[in-house]
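One is the number of the first residue; the rest follow in order along the sequence.
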Amino acid sequence: MNIDNCNHINAEKDQEKNIFLYTTITVNLQLIHLEQIGYFRYNSKSKLWEAVLNNNHILALKRNTNSQKILSLHPYLIQINQSYIINIGYLTSIEDNNCILLPPFNEMELLQVSKSFMKKLKEKYPCI
């Protein structure tokens, strides 16, 4: 799948929609731009969501953050399985149910799309 050919993904022109203010697990406020976020992952050991940023920094989110809260932040955030939400702006292709992301996220982790989430992805983006 190549998302360049998908007419259903339009860039947001309003930059304010691309900036988030997060409360971290240590109750610090952090300003994050959408383009800094490659993906979110659920850390089952610490039982919280983390944002993986383009500077290789991992930002632990507040304990009450759940996948629905993350997904509601921006339409570019798409859940691919129970533990991962990707920024579709970094997605280049899906090969053998694995998401291939742009650098610097291209060699970080194997991001596999589960069957149920692949079905949802195809419903939302029929060009997949």
Student: Test your reading of the model: is there a side-chain donor-acceptor pair from His33 to the backbone of Glu35, 3.5 Å cut-off?
Tutor: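 No, because the side chain of His33 does not come within donor-acceptor range (under 3.5 Å) of the backbone of Glu35.
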
Student: For Met108 and Asn56, run side-chain contact (heavy atoms from CB on, under 4.5 Å): C-alpha distance rounded to whole Å, both residues' side-chain angles, the deciding distance at 0.1 Å, then the answer.
Tutor: CA-CA 9 Å; Met108 288 191 154; Asn56 294 324; 2.6 Å; yes

Student: Which atom names give the shortest non-hydrogen contact between Lys47 and Arg63, and what distance separates them?
Tutor: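 Heavy atoms only, the tightest pair is O-NH1, 3.7 Å.
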
Student: Could you tell me whether the side chain of Thr92 and the main chain of Ile100 form a donor-acceptor pair under 3.5 Å?
Tutor: yes

Student: Starting at CD of Gln112, measure out to OG of Ser83 and round the result to the nearest 0.5 Å.
Tutor: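 Here the rounded value is 11.5 Å.
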
Student: Asn64: which residues meet the side chain to side chain contact (heavy atoms under 4.5 Å, CB included) condition with it, sequence neighbours left out?
Tutor: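 Applying side chain to side chain contact (heavy atoms under 4.5 Å, CB included) to Asn64 gives Lys62, Lys69.
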
Student: Please tell me whether Trp49 and Phe40 form a close aromatic pair, meaning their ring centres lie under 6.0 Å apart.
Tutor: no

Student: Take Phe105 and Leu111 through the side-chain contact (heavy atoms from CB on, under 4.5 Å) test and state the conclusion after the steps.
Tutor: CA-CA 10 Å; Phe105 304 106; Leu111 303 174; over 6 Å; no

Student: By side-chain hydrogen bond (donor to acceptor under 3.5 Å, both in side chains), which residues pair with Glu109, not counting sequence neighbours?
Tutor: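 Per chain and number, Glu109 pairs via side-chain hydrogen bond (donor to acceptor under 3.5 Å, both in side chains) with Tyr39, Arg41, Tyr84.
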
Student: Show me the pairs that pass side-chain hydrogen bond (donor to acceptor under 3.5 Å, both in side chains) and involve residues 96-108, at least two apart or across chains.
Tutor: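 As it turns out, there is no side-chain hydrogen bond (donor to acceptor under 3.5 Å, both in side chains) pair with a partner in residues 96-108 once direct neighbours are skipped.
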
Student: As an exercise, state the distance from CD1 of Ile94 to NZ of Lys122, rounded to the nearest 0.5 Å.
Tutor: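 Here the interatomic distance stands at 8.5 Å.
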
Student: Considering the options Ile80, Asn81, Ile88, Leu110, which one meets the side chain to side chain contact (heavy atoms under 4.5 Å, CB included) requirement together with Cys99?
Tutor: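 Option passing the side chain to side chain contact (heavy atoms under 4.5 Å, CB included) with Cys99: Ile80.
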
Student: How many angstroms lie between atom CG of Leu73 and atom CG of Leu34, to the nearest 0.5 angstrom?
Tutor: 9.0 Å

Student: On a heavy-atom basis, which atom in Gln79 and which in Gln82 lie closest, and how many Å separate them?
Tutor: NE2-O, 3.6 Å

Student: List the atom of Tyr90, the atom of Pro103, and the distance in Å for their closest heavy-atom pair.
Tutor: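 Taking Tyr90 first and Pro103 second, the nearest heavy atoms are CE2-O, 4.0 Å.
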
Student: Could you check whether any side-chain heavy atom of Ile85 comes within less than 4.5 Å of a side-chain heavy atom of Ile78, counting everything from C-beta outward?
Tutor: no

Student: Could you tell me whether the side chain of Asn54 reaches within less than 4.5 Å of the side chain of Ile37, counting heavy atoms only?
Tutor: no

Student: Is there a donor-acceptor pair closer than 3.5 Å between any side-chain N or O of Asn43 and the backbone N or O of Leu48?
Tutor: no

Student: Report yes if some heavy atom in the side chain of Leu77 is under 4.5 Å from a heavy atom in the side chain of Ile70; otherwise report no.
Tutor: yes

Student: So, do Glu50 and Leu61 sit near enough that their side-chain heavy atoms are less than 4.5 Å apart?
Tutor: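 They are not in contact (no side-chain heavy atoms under 4.5 Å apart), so the answer is no.
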
Student: Passes side-chain contact (heavy atoms from CB on, under 4.5 Å), Ile58 versus Leu53? Steps please.
Tutor: CA-CA 6 Å; Ile58 308 297; Leu53 307 180; over 6 Å; no

